[in-house]
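Since the structure is predicted, the reported quantities are computational estimates derived from the model, not experimental observations. Proteins get letters first, then strands, A, B, ... in listed order; numbering begins at 1 in each.
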Amino acid sequence: MTEEIIIAGFGGQGVLSMGKILAYSGLMQGQEIAWMPSYGPEMRGGTSNVTVIISDERVSSPILTQYDTVIVLNQQSMDKFESTVKPGGTLIFDPNGITKMPTRKDINIYKIEAAQLASDMGNQKVFNMIVLGAFLKVRPIVDNRYVEEGLRHSLPERAHKLIPLNMEAIEKGKAEVVKM
Amino acid sequence: MEKELKLMKGNEAIAEAAIRYGADAYFGYPITPQSEVIEYFMEQNPIERTGMVVLQAESEVAAINMVYGAAACGMAAMTSSSSPGFSLKQEGLSYIAGAELPCLVLNVVRGGPGLGTIQPSQSDYFQSTKGGGHGDYRLIVLAPASVQEMYDFVQIGFDLAFKYRNPVLILSDGIIGQMMEKVEIGPQRVRRTMDEVIKQCPWATTGKTANRERNIITSLDLVASRQEEFNRKLVKKYDTIREKEVRCECINCDDADYVFVAYGTSSRLCMKSMDLLRKEGYKVGLVRPITFEDYRWSRRESKGIPHYRNEHRTDGRRRNARSKRQAPS
């Protein structure tokens, strides 16, 4: 099994940390991992994306042109990455801020109202965990208990009390993801 | 003891490795894509953890000269930069090589020439292998292809640096520096005491005692014949390093009709290509040089395939069979 994922959105949406939590979860499950951020001169704001590869085999390059799963969280990322989903692959997006819906017919497209759900939960910061939940529902490549361990390893100790809230957000994402 | 596995960027792994190795000092100056090295150090507060000094210098030139000073005292000192900043360190490296001091330097290569780009590249190959600064000198160059090797090569690098009293370069790139992979972390080593430093480095400027002559660290000798003698000595040292310290990884070379030769990040791409080509029935192998001192190629006469001389040791995780064929000298 090899799953090649890109998560793309605005800086500050938790794109990189979501990728890190996913990667750590894969690591806890005993898999080979690569996590590669797009690094540029921007400090905050601007677009941000991260490639995560979870595999049974040694990972070759973390720089890819096509992905099994593309997660887009803003319109710029949709414009840039819709075409990079492998035929038969998966596209997950949050419609909040999306003005042009995806048009491809040869891929599986899922929608998750993560921004709305996070605001309903009263905590914008769990936005990325709702998206992660949606991903894990559609592509169940990592077992739930490893996700929890992944959270434990990637969050600093002082934030460990927030793990139950994050797990709740992940469950929310799993429940609310919709196939288009 | 259970293995400690962590997910780390290459830049973070190298900093953690230096702390765990028991290094004495790091002097740095930020530049993309290697700023995480000093950021990680600062976050870890090594002065508390092991007593290691970490300092942000006022420039790259200052940083390498601080390494020069620390190394002269027998300290295990390191610095890091990325291509344009690493060019600035060349003068200092030449002095350190001329004074025969051990140190560890890291170049997380980005594209050039000039300020170039902040994206990864392998374009500092010639600078790294031909010395880089003025005068006839060579660095010992180690090229990691994974975050794990970024970690592992710190120990190997420092050990080689002290063994040969020569600067060691870890030649990485923006991908390996920025990418997170899993890393197996080794145990914390205790930093050497001053007595141990004096014992290990009798040449160092650790304070003159009654029972020995002054130790003088310099790269200057105005007597031409002595300088010539010194250059001959250096050549001898580099020859020994070439003979004894060559490392490479050879994969599927035994039956290969074709071999890729690539180091670092590029070797990972070639490995994937090799796997895909093998599935289609092409006998393809890969040679991954880890040290760069020497290429000794020969041609396999029947097929005209360059063949890597293969008495070299490797410490990397090896896959499949390694070639045991000895090339004609």
For the interface with chain A, which of B:Ala145, B:Ser266, B:Gly174 has the highest count of heavy-atom pairs at distances below 4.5 Å?
B:Gly174
Can you tell me how far the OG atom of A:Ser61 sits from the CZ atom of B:Arg268, to the nearest 0.5 Å?
7.5 Å
A:Leu27 versus chain B, the contacting section by heavy-atom distance below 4.5 Å:
side chain
Crowding at CD, B:Gln188 (>12 non-hydrogen neighbours, <6.0 Å)
yes
To the nearest 0.5 angstrom, please state how far the CD atom of B:Gln119 sits from the OG atom of A:Ser38.
8.5 Å
More than 12 heavy atoms of other residues, nucleotides or ligands under 6.0 Å from NZ of A:Lys86: yes or no?
yes
B:Met179, B:Lys9, B:Met180 screened by side-chain contact (heavy atoms from CB on, under 4.5 Å) with A:Pro37, the one that passes
B:Lys9
State, with a plain yes or no, whether a side-chain heavy atom of B:Lys182 is found less than 4.5 Å away from one of A:Glu32.
yes
A:Ile63 and its side-chain contact (heavy atoms from CB on, under 4.5 Å) partner, picked from B:Ile175, B:Leu269, B:Thr265:
B:Ile175
Hey, what do you get for NZ (B:Lys272) to CD (A:Glu57), rounding to the nearest 0.5 Å?
6.0 Å
Can you measure from CH2 (A:Trp35) to CE (B:Met8) and round to the nearest 0.5 angstrom?
13.0 Å
For A:Leu165, does the CG atom have more than 12 heavy-atom neighbours from other residues, nucleotides or ligands under 6.0 Å away?
yes
Other residues, nucleotides and ligands only: do more than 12 of their heavy atoms fall within 6.0 Å of NZ on A:Lys179?
yes
